[in-house]
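Below is one structure, written out as structure tokens, with a few remarks after it.
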Amino acid sequence: MTGVRRPPSVAGKVMAILESFAPGGVRLTLTEICARAGLPLATGHRLVRELTDGGFLERLPDGSYRIGTRLWRIGAQASAARSLRELALPHMEELYAATHENVQLAVLSGDKALYLERLRGPRSVPIVTRVAAELPLHATGVGKVLLAFAEEELAEKVIAQGLPPYTPHTVTDADRLRACLTGIRRSGYAVTREEMSLGTCSVAAPVRDPGGAVFAALSLVTRRNVVDLRRLVPAVLAAANALARDVNAHGGSAEWKDWG
């Protein structure tokens, strides 16, 4: 028959369950998992139980679920992400040692910023990002850098989809965002103030390949009471440039230019 949508396969249902954690749900109830995956509760319960028994999900004492260690071990083997994180960590550690602020590494993933690594300490301001999270391009420092140096069509796509406000300071006006991206291309770095979450500001810089194309972004996230964020710019730029040299010396930047 034509025009009849076939029900998803078992593999498709399992992938939908695992994908339900991608938007940022560190812990989800069974009901939340089924709602995100578009599955009946009974079907979701059976598959979630099997995934939990296999170690792909973990059931917490409060009855919610999170990604299990078995799935984490498999995901950690993703070659491109692992390689870039391994090369980035020494430079991120040096930047953290110099500033004691949050240090983040992100790449472009579709129309989001995908966070590959994060360093923080007891003196660092609490932030919403975590490894493997995807956050909006228009409201984050790394996101604005990635958007500024991406194809112009991507910026227009992001604008067309709408620029939701995450705080009263988020840039939600299309012309203002375009002007901001132009300024980032001109200066070579981005500065944001309380656009993703109140109380935090960031400085972000691009990581470039030998031809000048940007394949990642590195940032510091600090408290809003830092008087002059631009004093942090040289340190962030130096770390991003050092990472670029290290990556390019290993001939790896080409594999990190398209994350889906």
Side-chain angles (χ1 to χ4, degrees), residues 84-85 87-89 91-96 98-109 111-120 124-131 133-150 154-155 158 163 166-167 169-171 176-209 212-224 226 228-247 253 256-257 259:
L84 184 52
R85 288 171 69 185
L87 290 173
L89 271 172
H91 305 289
M92 296 176 69
E93 288 168 352
E94 288 185 4
L95 186 56
Y96 172 78
T99 64
H100 295 286
E101 304 289 1
N102 296 282
V103 184
Q104 303 181 136
L105 174 70
V107 294
L108 188 63
S109 178
D111 57 1
K112 296 288 193 300
L114 171 63
Y115 288 77
L116 296 187
E117 190 55 272
R118 179 186 80 162
L119 295 182
R120 68 180 306 271
S124 305
V125 62
I127 53 177
V128 299
T129 56
R130 60 182 177 84
V131 174
E134 292 184 335
L135 290 182
L137 296 173
H138 74 286
T140 58
V142 290
K144 286 188 175 181
V145 166
L146 295 168
L147 189 58
F149 293 101
L154 179 59
V158 169
L163 304 173
Y166 294 91
T167 76
H169 307 287
T170 306
V171 175
R176 186 181 168 198
L177 179 61
R178 292 188 186 101
C180 177
L181 298 180
T182 298
I184 293 169
R185 287 190 290 270
R186 183 182 302 116
S187 68
Y189 63 87
V191 172
T192 65
R193 296 181 182 274
E194 299 188 276
E195 294 189 38
M196 188 67 217
S197 58
L198 293 174
T200 65
C201 303
S202 71
V203 176
V207 183
R208 302 174 183 270
D209 68 12
V214 173
F215 61 87
L218 194 66
S219 75
L220 278 178
V221 181
T222 184
R223 290 173 173 80
R224 66 179 177 182
V226 173
D228 185 9
L229 282 177
R230 286 176 174 78
R231 68 178 178 81
L232 299 173
V233 169
V236 180
L237 287 173
N241 291 336
L243 172 56
R245 288 193 297 270
D246 204 359
V247 167
S253 60
W256 302 320
K257 291 180 182 176
W259 294 79

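Not measured: the values here are computed from a predicted model.
In terms of heavy atoms, R185 sits closest to A148 at NH1-O, 2.8 Å. Residues V236 and A205 come closest through the heavy atom pair CG1-CB, 3.8 Å. For the pair A244 and R208, the tightest heavy-atom approach, listed with the atom from each and the gap, is CB-O, 3.2 Å. Nearest heavy atom pair, residue L218 against residue A240, reads CD2-N, 3.7 Å. Of all heavy-atom pairs spanning L181 and A155, the tightest one is CD1-CB, 4.0 Å. Across all their heavy atoms, G188 and P206 have their closest contact at O-CD, 3.1 Å.
In this structure a side-chain-to-backbone donor-acceptor pair under 3.5 Å is present from T170 to E195. The main-chain N or O of H169 is never found under 3.5 Å from a side-chain atom of R193 such that the two would form a donor-acceptor pair.
Atoms CD and OG, from Q104 and S202 in turn, are 8.0 Å apart once rounded to the nearest 0.5 Å. Atoms CG and CG, on L137 and L163 in that order, are 10.5 Å from each other to the nearest 0.5 Å. Between the CG atom in L177 and the OG1 atom in T182 there is a gap of 9.5 Å [rounded to 0.5 Å]. Note that CE of M92 and CZ of R118 are 10.0 Å apart. Values are rounded to the nearest 0.5 Å. In this structure, CG in L87 is found 13.5 Å from CZ in R245, a value given to the nearest 0.5 Å. Atom OG1 in T99 sits 4.5 Å away from atom CG in L220 (nearest 0.5 Å).
L243 pairs with exactly one of L105, L95, L89 by the side chain to side chain contact (heavy atoms under 4.5 Å, CB included) rule, that one being L105.
Applying the ring-ring contact (aromatic ring centres under 6.0 Å, His included) test to Y166 and every residue at least two apart in sequence or in another chain returns H138. Legend: residues meeting salt bridge (charged side-chain N to carboxylate O under 4.0 Å, His left out) with E194, ordered by chain and number and at least two apart, are R224. Applying the salt bridge (charged side-chain N to carboxylate O under 4.0 Å, His left out) criterion to R176, with sequence neighbours excluded, gives no partner residue.
Under the 4.5 Å side-chain criterion, counting only non-hydrogen atoms from C-beta, V207 is in contact with F215. Between S219 and V221 the shortest side-chain heavy-atom distance falls below 4.5 Å.
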Yes or no on side-chain contact (heavy atoms from CB on, under 4.5 Å) for N102 and T222, after CA distance, side-chain angles and deciding distance?
-> CA-CA 7 Å; N102 296 282; T222 184; over 6 Å; no
In sequence, state the C-alpha distance, the side-chain angles, and the governing distance for T140 and T192, and then conclude on side-chain contact (heavy atoms from CB on, under 4.5 Å).
-> CA-CA 7 Å; T140 58; T192 65; over 6 Å; no
Give the intermediate values and the outcome of side-chain contact (heavy atoms from CB on, under 4.5 Å) for residues Y189 and V145.
-> CA-CA 7 Å; Y189 63 87; V145 166; 5.9 Å; no
Check against side-chain contact (heavy atoms from CB on, under 4.5 Å), K144 and V171 | CA-CA 11 Å; K144 286 188 175 181; V171 175; 3.7 Å; yes
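The number of heavy atoms from other shown groups lying within 6.0 Å of CZ (R230) does not exceed 12.
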